[in-house]
Amino acid sequence: MLSRKIIEESDIYLATSTRDPELFPLVIDHGEGVWIYDVDGNKYLDFTSGIGVNNLGWPSHPEVIKIGIEQMQKLAHAAANDFYNIPQLELAKKLVTYSPGNFQKKVFFSNSGTEAIEASIKVVKNTGRKYIIAFLGGFHGRTFGSISLTASKAVQRSIVGPFMPGVIHVPYPNPYRNPWHINGYENPSELVNRVIEFIEDYIFVNLVPPEEVAGIFFEPIQGEGGYVIPPKNFFAELQKLAKKYGILLVDDEVQMGLGRTGKLFAIENFNTVPDVITLAKALGGGIMPIGATIFRKDLDFKPGMHSNTFGGNALACAIGSKVIDIVKDLLPHVNEIGKIFAEELQGLADDVRGIGLAWGLEYNEKKVRDRIIGESFKRGLLLLPAGRSAIRVIPPLVISEEEAKQGLDILKKVIKVVK
Ligand SMILES: *Cc1c(COP(=O)(O)O)cnc(C)c1O
């Protein structure tokens with residue numbers, strides 16, 4: 001088997017990372033739509049979207065590939081923080097127009113989610129305030145600033161510290177597992193109130209004055225933390241609190257943005273208008289790395305305060321523009337297929353939560369979760385873990401009804417066997 005050999009050699013040459021040869025002895029050769037083929041000719045149905053990057057399928061949507069080839073022949077790197085180019089401007093205009101918030105905005109381009117977060121940290125600290133609030137269970141990346149905000153797995157923070165000073169972590173309103181043991185499905189407003197009170201009556205009283213808090217960073221749905229969906233009114237309440245003290249809301253849409261939840265931006269499900277929004281993962285169409293930070297115009301950097309080499313790359317931006325157009329047209333489809341997932345996934349785990357094509361299946365036992373993922377892989381269905389003991393079920397948004405049912409059938413059979 002070619003796979004075995006490549007995995008063995010990879011372990012010799014590649015830095016140890018999150019790859020797990022036990023769980024996924026998968027060496028990808030190529031992809032076609034929602035299908036992935038390994039180097040031994042095995043075929044897998046993908047319910048991972050490469051962690052929300054290949055939302056338009058593998059290797060990408062045909063129209064995105066076409067635009068990419070055309071743009072590559074004209075201009076790719078464009079020294080976009082020194083000179084100007086059209087694809088960068090066009091993508092910025094689209095992001096400003098389609099993102100929530102009826103006010104003037106600006107965009108800074110980078111190459112990844114973590115860089116989009118680093119830029120956001122500068123944007124909010126540009127107010128002169130020094131503290132940042134983030135949530136337990138949140139994931140914002142792995143560079144120095146963003147890892148300081150990340151708190152989804154303790155191991156992710158080992159060795160790297162000490163971290164950026166001034167970051168305060170507070171509980172996320174996780175309806176299934178929270179420090180107050182509130183059943184957040186039965187008592188959503190009680191859960192929301194606890195979190196808001198915790199910030200206002202404890203953090204602001206005992207730890208930091210609210211006038212010195214620059215921003216609150218959050219994921220509209222926690223991705224890495226387990227596809228955790230907060231109660232419907234949480235962000236509106238958080239916004240009220242933020243407004244009261246002049247604190248900025250930073251909405252990290254790196255994993256949930258661009259159609260995953262059936263809306264272009266996940267926060268649109270929660271009737272809230274953030275001051276800063278980050279995007280990355282799916283924006284590059286599975287082809288180019290790209291990150292974007294969209295923020296209120298009045299929060300603009302001072303000249304020379306922030307920049308990079310590759311951001312605003314004409315190729316990445318031309319691709320991002322096309323991705324946005326395609327995703328906008330795809331939203332009704334996501335909502336249609338999402339209904340199938342909503343129906344079929346019910347009862348398949350101890351907690352089932354989701355919206356659009358962003359689903360989490362949580363098991364009380366991590367062992368059960370791991371066995372389901374392993375057994376599904378053997379039967380040709382790719383799933384990834386998330387959080388403590390959840391599976392994320394996130395197929396490419398282009399998945400057909402037939403393919404969705406095919407994957408769900410495998411999953412149901414596996415769960416019967418494992419349980
Ligand atoms: C993946 C992710 C990041 C980090 O993105 P990278 O491109 O891996 O740096 C940040 N925030 C969220 C919500 C993510 O899911």
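Counting starts at 1 for both ligands and their atoms, in listed order.
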So which protein heavy atom does [atom] come closest to, and at what separation?
| atom | result |
| --- | --- |
| atom 14 (C) of ligand 1 | Lys281 NZ, 2.9 Å |
| atom 9 (O) of ligand 1 | Thr114 N, 2.8 Å |
| atom 11 (N) of ligand 1 | Asp252 OD2, 2.7 Å |

Report, in ascending order of atom number, the atoms of ligand 1 lying under 4.0 Å from any heavy atom of [X].
| X | result |
| --- | --- |
| Glu219 | 13 (C) |
| Phe139 | 1 (C), 2 (C), 3 (C), 4 (C), 11 (N), 12 (C), 13 (C), 14 (C) |
| Gly141 | 4 (C), 10 (C) |

Show your reasoning for whether side chain to side chain donor-acceptor pair (under 3.5 Å) applies to Asp252 and His140.
CA-CA 7 Å; Asp252 183 352; His140 299 288; 2.8 Å; yes

Over 60° means perpendicular and under 30° means parallel, so tell me whether [X] and [Y] are parallel, tilted or perpendicular.
| X | Y | result |
| --- | --- | --- |
| Phe108 | His306 | tilted |
| Tyr44 | Phe377 | parallel |
| Phe135 | Phe234 | perpendicular |

Close N or O approach (Gly113, ligand 1; < 3.5 Å)
yes

With backbone taken as N, CA, C and O and side chain as the heavy atoms from C-beta onward, which portion of His140 lies under 4.0 Å from ligand 1: side chain, backbone, both, or neither?
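The answer is the backbone.
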
Residue part near ligand 1, for Ala280, under 4.0 Å between non-hydrogen atoms:
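It is neither part, as no heavy atom is under 4.0 Å.
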
Return yes if some donor-acceptor pair links the side-chain N/O of Arg129 with the main-chain N/O of Pro210 below 3.5 Å, else return no.
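Looks like yes, one N/O pair under 3.5 Å.
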
For Leu241, does its backbone N or O pair with a side-chain atom of Glu237 as donor and acceptor, under 3.5 Å?
no

Regarding Glu253 and Arg260, does a basic nitrogen lie under 4.0 Å from an acidic carboxylate oxygen?
no

